[in-house]
Amino acid sequence: MRSDQIMEKADRLMATTYSRVPIVLTEGKGCMLKDAEGRTYTDFVAGIAVCGLGHAHEGIAEAVADQARRLVHVSNLYYTEPQIELAQLLIEHCFADRVFFCNSGAEANEAAIKLARKYFKDRQSPEKFRIITMADSFHGRTMATLAATGQAKIRKGFDPLLDGFDIVPFNDLDAVRKAITKETCAIMLEPIQGEGGVQCPAQGYLGGLRELCDSEGLLLIFDEVQTGMGRTGRLFAHEHFGMEPDIMTLAKALANGLPMGAMLAKEEVARAFTPGSHASTFGGTPLVSAAAVKVVKTLLHEGVLENCRKVGRYFRERLRGLEEKYDFVREVRGKGLMIGLDLTCNGVPVVKGCLKRGFLINCTQDHVLRFVPPLIIQEKEIDSLIACLDALFAEMTDNKP
Ligand code: PLP
C-alpha cells in the first residue's frame with residue numbers, strides 16, 4: 001500500500017487521539033529511520049525518549065528473539081527468571097529495595113499513588129491521602145495520573161477529576177511548604193520536567209523537597225519515566241542532585257520500546273503492598289524483562305552513559321551557538337541528551353522544516369524544541385542537525401517583516 005493510502009486509512013479507522021506527522025515509518029537502525037517512500041531521517045525523538053539504545057539494536061533483538069522462543073508470558077501467578085534478574089539489576093543500582101512491574105508510565109505512577117495512600121492507611125493515618133504535584137508536570141492519562149498532571153489542556157473535558165492532588169508552581173519550595181496540610185501524604189514530581197518543556201530544577205530545590213519530606217513525614221516520589229534509564233547521563237536523573245526519593249517510577253526507555261513500566265520503593269514503604277493490593281496481568285513478562293535486562297547491562301557496561309554525557313554537552317554547546325546568533329532563541333536547557341531549545345516563537349514550523357530536511361525533532365508547549373535522540377548518537381549527527389537548524393533559523397530571520 002502507498003503511504004498516502006495508509007495514512008488515509010489510518011485517519012478513517014483509528015481513534016482520533018493523535019495528530020501525526022505525515023510519514024509512514026517502516027524500519028530503523030541506530031539513530032536512522034526510513035519511511036515507506038525510501039526517505040531516511042536522523043531520529044532526535046527516539047519514540048519520545050524511549051529507544052535509548054537506538055532502533056533495531058542487535059543485542060536486544062537477540063535477547064527478545066531468544067526469550068520469545070522459550071517463554072513469553074505466564075502471568076504473575078508464577079516465578080520467572082528474567083523478571084527477577086531485572087529486579088536485582090535495578091535495585092543494585094538505586095536506593096530502592098523492591099520493584100513492581102507494569103506496562104507504562106501512567107501505570108507506574110498509578111502504582112506509586114496507590115502505594116503512598118496505602119502506606120499511610122497502614123500507619124493509622126487515614127487522613128493522609130493528598131499528594132502535592134507541580135504545575136506543567138506530566139504524569140500520564142489515566143484518571144489518577146491526569147489529576148496529578150499540572151496542565152489544564154490535558155485535564156480539560158474529564159471533570160470531575162480524582163480528588164487528592166494539590167498543584168503548586170515548579171521550583172517554588174515556599175509554595176510546597178504552604179500547600180502541606182495534615183492530609184498531605186506525598187510530594188510527586190519529575191526531577192526534570194519533560195512534557196512541560198524540559199524544565200530543570202533550581203539549585204537546592206530537590207534537596208529542599210527531600211528535607212521537607214523528612215521533617216513533615218511525607219513520601220517523596222520521583223517520576224523518572226522520561227528522565228530515567230540513562231537519558232540525562234546517569235542511570236537515574238536524581239543521581240545528579242545527590243539525594244534520593246522514597247518511590248521512583250520508570251517506563252519509556254526501560255525496555256527500549258517494548259512496553260514496560262516499573263515502580264520502585266524502599267522496603268518500609270514497599271511493604272504496604274501485600275498480595276491483592278495491586279497487580280498487572282502483563283507486568284514484567286519474561287519477554288519484556290529479557291529486553292530490559294539487556295538495556296540495563298548495555299547502559300552500564302558499554303559506555304552509553306558516558307557517550308550521553310559527552311555528546312549531550314557538545315549538543316548543548318552547539319545549541320548555545322544558535323542562541324547567541326538568533327534573538328528568537330531564548331534558552332538552551334537540559335541534561336545529558338534530554339535537551340530543550342526555548343524559542344520566543346512557535347516551534348512547529350521548525351519541526352516541519354527539519355522533517356523536510358531529514359531530521360525528526362519534536363516540540364513541547366508550542367515553543368520548546370525538544371531533542372531526546374538515542375543515547376548512542378554521535379557528534380557528526382549533532383553537527384548535521386545544527387547546520388539544518390541554522391539554515392532554518394536564517395530563513396526565519398530573512399522572512400521577518
Ligand atoms: N510520566 C512522565 C514524566 C512522562 O513523560 C510520561 C509520558 O510522556 C508519562 C509519565 C506517561 O507515560 P505513558 O505514556 O507510558 O503512560
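Computed over heavy atoms, backbone and side chain alike; hydrogens, waters and symmetry mates excluded. As the structure lists them, so they are numbered: ligands from 1, and atoms in each ligand from 1. These numbers were taken from a predicted model, which means no experiment stands behind them.
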Any Lys/Arg nitrogen of Arg130 or Asp166 sitting under 4.0 Å from an Asp/Glu carboxylate oxygen of the other?
yes
Strictly below 4.0 Å, N to O, side chains only: are Asp246 and Arg210 in salt-bridge contact?
yes
Using heavy atoms and a strict 4.0 Å limit, residues surrounding ligand 1 turn out to be Ser104, Gly105, Ala106, Asn109, Phe138, His139, Gly140, Glu190, Glu195, Asp223, Val225, Gln226, Lys252
Residues Asp174, Arg177: salt bridge by 4.0 Å N-O rule:
yes
Is the backbone N or O of Phe236 less than 3.5 Å from a side-chain atom of Glu239, with the two atoms forming a donor-acceptor pair by type?
yes
Where does the angle between the aromatic ring planes of His278 and Phe100 fall among parallel (under 30°), tilted (30 to 60°) and perpendicular (over 60°)?
tilted
Would you say the side-chain atoms of Gln83 pair up with the backbone N or O of Gly284, donor to acceptor, closer than 3.5 Å?
yes
